[in-house]
Amino acid sequence: MRTNVVIIGGGPSGLLLSRLLSIDGINNVVLEKQSEQHVTGRIRAGVLESGTIEMLKKAGISNRLEREGFKHDGIQLSFKNHGFRVNLKKLTNKHVTVYGQTEVTKDLYSIIRKEDGEIINNAEDVLPQAVNTQTPFVTFKKNGIEKKIMCDWIAGCDGFHGISRSIIPKSIVKNYERIYPFGWLGILSETPPVSDELIYANHGNGFALASMRNNNLSRYYIQTPLNENIEHWTDEKFWDELRKRLPTEAAETIVTGISIEKSIAPLRSFVCEPMSWKKLFLVGDAAHIVPPTGAKGLNLAVSDVYYLHNALKNYYQFNKNDDLKMYSQNALSRVWKAIRFSWWMTTTFHKFPEQSSFDQRIQDSEIEYLENSVASQRVLAENYVGLPY
Ligand code: RFL
Ligand code: PHB
């Protein structure tokens with residue numbers, strides 16, 4: 001079997017790349033380790049930048065997004081139970097859209113299936129090979145049978161734990177990493193969100209985030225120590241702790257209920273440089289991870305797809321490979337800015353175990369400055385709504 005581009009990983013980045021390439025008549029096959037049901041059942045990101053919305057429109061999946069997505073013109077920040085608003089619209093003339101990654105993935109699966117794109121689910125032992133030759137290929141097993149796909153290029157869209165990144169020789173790669181000394185305990189509950197806008201709260205007990213998926217589906221997170229045992233967190237204990245950390249007005253009006261999903265995620269910043277080697281390109285979480293505090297992970301995966309799709313299009317339509325050569329550099333320039341912003345949001349809104357009284361005062365004044373300075377709010381707003389591609 002032969003195709004133009006083999007895409008390893010059928011998460012949001014792999015699916016979006018596949019769809020955009022197919023629209024331009026560039027043949028591709030997506031190899032996904034998990035079942036479709038597994039991929040479309042994962043609860044992950046919730047906030048989309050306007051650049052992401054544009055890309056999803058290009059992919060032809062904006063109908064449901066426009067009907068069911070919620071436009072947010074601002075976010076609420078909170079410090080020691082006192083809330084204040086950052087007006088994203090006024091500061092940047094842009095907004096963000098709340099629409100779950102789960103829904104984005106379902107929409108992409110459905111349009112790719114409808115338009116006869118090729119996604120192979122439950123692909124085992126996927127392995128990119130001969131990546132440094134003119135004849136790269138990918139091998140995998142399906143139902144126990146060995147398969148091989150010859151191709152021109154391989155897109156590694158297989159997330160942080162995927163195989164693709166490990167193909168780049170150690171002598172070429174440099175990894176940059178920060179692991180944060182805490183995690184996020186998240187729940188999903190069929191209750192009306194406590195606020196029309198997201199609330200990011202810094203509290204003496206730790207960070208809290210009030211988010212949502214729709215009018216009767218709330219997503220809440222609290223910072224917990226690393227290696228926290230989820231069994232220790234009954235719904236009641238979670239709600240009590242969340243109430244303590246949110247701004248007073250929100251805590252007083254929150255509607256609680258049973259959690260329909262509960263999980264703990266570690267927080268990490270990670271960048272792999274370069275993001276390409278010979279015939280292989282890394283995209284999204286395969287190349288970089290941000291802590292979720294800035295709501296950037298999915299959006300960064302989409303901006304990588306933007307650069308790679310354009311570069312492949314120029315190659316196939318105009319026989320130009322300059323943009324393919326520049327892919328890593330172009331993508332990384334935007335990646336590092338999002339890494340910085342996500343690190344800053346995390347550092348400003350979380351309690352660190354080793355935080356000294358000096359560090360605490362710095363954090364206090366950072367947030368006080370944010371509340372009272374339009375310039376400071378604009379920096380946050382410009383990054384939160386998403387930097388240009
Ligand atoms: P994914 O989504 O991890 O998809 C990779 C896919 O590759 C498959 N795979 C393989 N397939 C074949 N062979 C192999 N050897 C394979 N190894 C892996 C996997 O099964 C999977 O289907 O990466 P992608 O596409 O780059 O997308 C990245 C995003 O999923 C991620 O950045 C976001 O979810 C991060 N994130 C958020 N991002 C935002 O932009 N806004 C948010 O509000 C936001 N909130 C979040 C988040 C991530 C969170 N968690 C759980 C880490 C909130 C949370 C709690
Ligand atoms: C979410 O709704 O899951 C979410 C929203 C904003 C973030 C992180 C996660 O910064």
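Atoms within each ligand, like the ligands themselves, are counted from 1 in listed order.
- Each of I187, I222, T256 was checked for a side chain to side chain contact (heavy atoms under 4.5 Å, CB included) with L242, and the lone residue meeting it is I222.
- In this structure, atom 49 (C) of ligand 1 has its sub-4.0 angstrom surroundings free of protein heavy atoms.
- Annotation for R42: atom CZ counts as buried by contact number, over 12 foreign heavy atoms lying within 6.0 Å.
- At least one heavy atom of G46 sits closer than 4.0 Å to an atom of ligand 1.
- Side chain of Q223 to backbone of K351: a donor-acceptor contact under 3.5 angstrom is found.
- Among residues two or more places apart in sequence or in another chain, the salt bridge (Lys or Arg N to Asp or Glu O under 4.0 Å) test is passed with E190 by none.
- A cation-pi geometry, defined here as NZ or CZ lying under 6.0 Å from the six-membered ring centre and within 45° of its normal, holds between K296 and Y384.
- Each of the following atoms of ligand 1 lies closer than 4.0 Å to a heavy atom of C157: 5 (C), 6 (C), 7 (O).
- The shortest heavy-atom distance from R42 to ligand 1 is under 4.0 Å.
- Annotation: atom 32 (O) of ligand 1 to nearest protein heavy atom, D285 OD1, 2.7 Å.
- When hydrophobic clusters are built by joining Ile, Leu, Val, Met, Phe, Trp and Tyr residues whose side-chain heavy atoms come closer than 4.5 Å, directly or via intermediates, L300 is not grouped with L267.
- Shown in contact with Y221 at under 4.0 Å from a heavy atom are these atoms of ligand 1, numbered in order with element: 53 (C), 55 (C).
- The protein non-hydrogen atom at the shortest distance from atom 30 (O) of ligand 1 is Q101 NE2, 2.7 Å.
- Per-residue contacts place G162 under 4.0 angstrom from the following atoms of ligand 1 (heavy atoms of the residue considered): 17 (N).
- Atom 52 (C) of ligand 1 lies below 4.0 Å from none of the non-hydrogen atoms of the protein.
- Within the cation-pi definition used here (under 6.0 Å to the ring centroid, within 45° of the axis), K142 does not qualify as a partner of F140.
- Of the protein's non-hydrogen atoms, E32 OE1, 2.7 Å is the one closest to atom 22 (O) of ligand 1.
- Nearest protein neighbour of atom 4 (O) of ligand 1, counting heavy atoms only, is G11 CA, 3.5 Å.
- Within the 6.0 Å centre-distance limit, the rings of W336 and Y176 are counted as a close aromatic pair.
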With a cut-off of 3.5 Å and sequence neighbours excluded, list every side-chain donor-acceptor pair involving residues 75-82.
{"unit_1": "Q76", "atom_1": "NE2", "unit_2": "E197", "atom_2": "OE1", "d": "3.0"}
{"unit_1": "N81", "atom_1": "ND2", "unit_2": "K244", "atom_2": "O", "d": "2.8"}
{"unit_1": "N81", "atom_1": "ND2", "unit_2": "L246", "atom_2": "O", "d": "2.8"}
{"unit_1": "H82", "atom_1": "NE2", "unit_2": "E371", "atom_2": "OE1", "d": "3.3"}
{"unit_1": "H82", "atom_1": "NE2", "unit_2": "E371", "atom_2": "OE2", "d": "2.9"}

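- In the vicinity of Q34, heavy-atom distances shorter than 4.0 Å reach the ligand 1 atoms 20 (O).
- Remark: R165 is positioned above the aromatic ring of F160, its terminal NZ or CZ atom under 6.0 angstrom from the ring centre and at most 45 degrees off the axis.
- Here the heavy atom of the protein found nearest to atom 40 (O) of ligand 1 is L298 N, 2.7 Å.
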For this session: Kindly determine whether S164 and D158 satisfy side chain to side chain donor-acceptor pair (under 3.5 Å), including the steps that lead there.
Result: CA-CA 7 Å; S164 301; D158 47 353; 2.9 Å; yes

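- The closest approach between any non-hydrogen atom of A123 and ligand 1 is not below 4.0 Å.
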Under 3.5 Å, N/O to N/O: give me all the pairs between ligand 2 and the protein, one per line with atom names and distance.
{"unit_1": "ligand 2", "atom_1": "2 (O)", "unit_2": "S211", "atom_2": "OG", "d": "2.6"}
{"unit_1": "ligand 2", "atom_1": "2 (O)", "unit_2": "R213", "atom_2": "NH1", "d": "2.7"}
{"unit_1": "ligand 2", "atom_1": "2 (O)", "unit_2": "R213", "atom_2": "NH2", "d": "3.4"}
{"unit_1": "ligand 2", "atom_1": "3 (O)", "unit_2": "R213", "atom_2": "NH2", "d": "2.9"}
{"unit_1": "ligand 2", "atom_1": "3 (O)", "unit_2": "Y221", "atom_2": "OH", "d": "2.6"}
{"unit_1": "ligand 2", "atom_1": "10 (O)", "unit_2": "Y200", "atom_2": "OH", "d": "2.8"}
{"unit_1": "ligand 2", "atom_1": "10 (O)", "unit_2": "P292", "atom_2": "O", "d": "2.8"}
{"unit_1": "ligand 2", "atom_1": "10 (O)", "unit_2": "T293", "atom_2": "O", "d": "3.4"}
{"unit_1": "ligand 2", "atom_1": "10 (O)", "unit_2": "A295", "atom_2": "N", "d": "3.4"}

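- Applying the salt bridge (Lys or Arg N to Asp or Glu O under 4.0 Å) test to K106 and every residue at least two apart in sequence or in another chain returns E103.
- Atom CG of N175 sits in a crowded spot, with more than 12 heavy atoms from other residues, nucleotides or ligands closer than 6.0 Å.
- For atom 18 (C) of ligand 1, the closest heavy atom belonging to the protein is D158 O, 3.1 Å.
- Nearest to atom 24 (P) of ligand 1 among the protein's heavy atoms is S13 OG, 3.4 Å.
- Ring geometry for H350 against W184 counts as parallel: the plane angle stays under 30°, on a 0 to 90° scale with 60° as the upper cut.
- Residue L31 has at least one heavy-atom neighbour below 4.0 Å for each of these atoms of ligand 1: 11 (N), 12 (C).
- What sits closest to atom 45 (N) of ligand 1 on the protein, heavy atoms only, is A45 CA, 3.3 Å.
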For this session: Check step by step if ring-ring contact (aromatic ring centres under 6.0 Å, His included) holds for Y306 and Y389.
Result: CA-CA 8 Å; Y306 169 86; Y389 289 0; 4.8 Å; yes

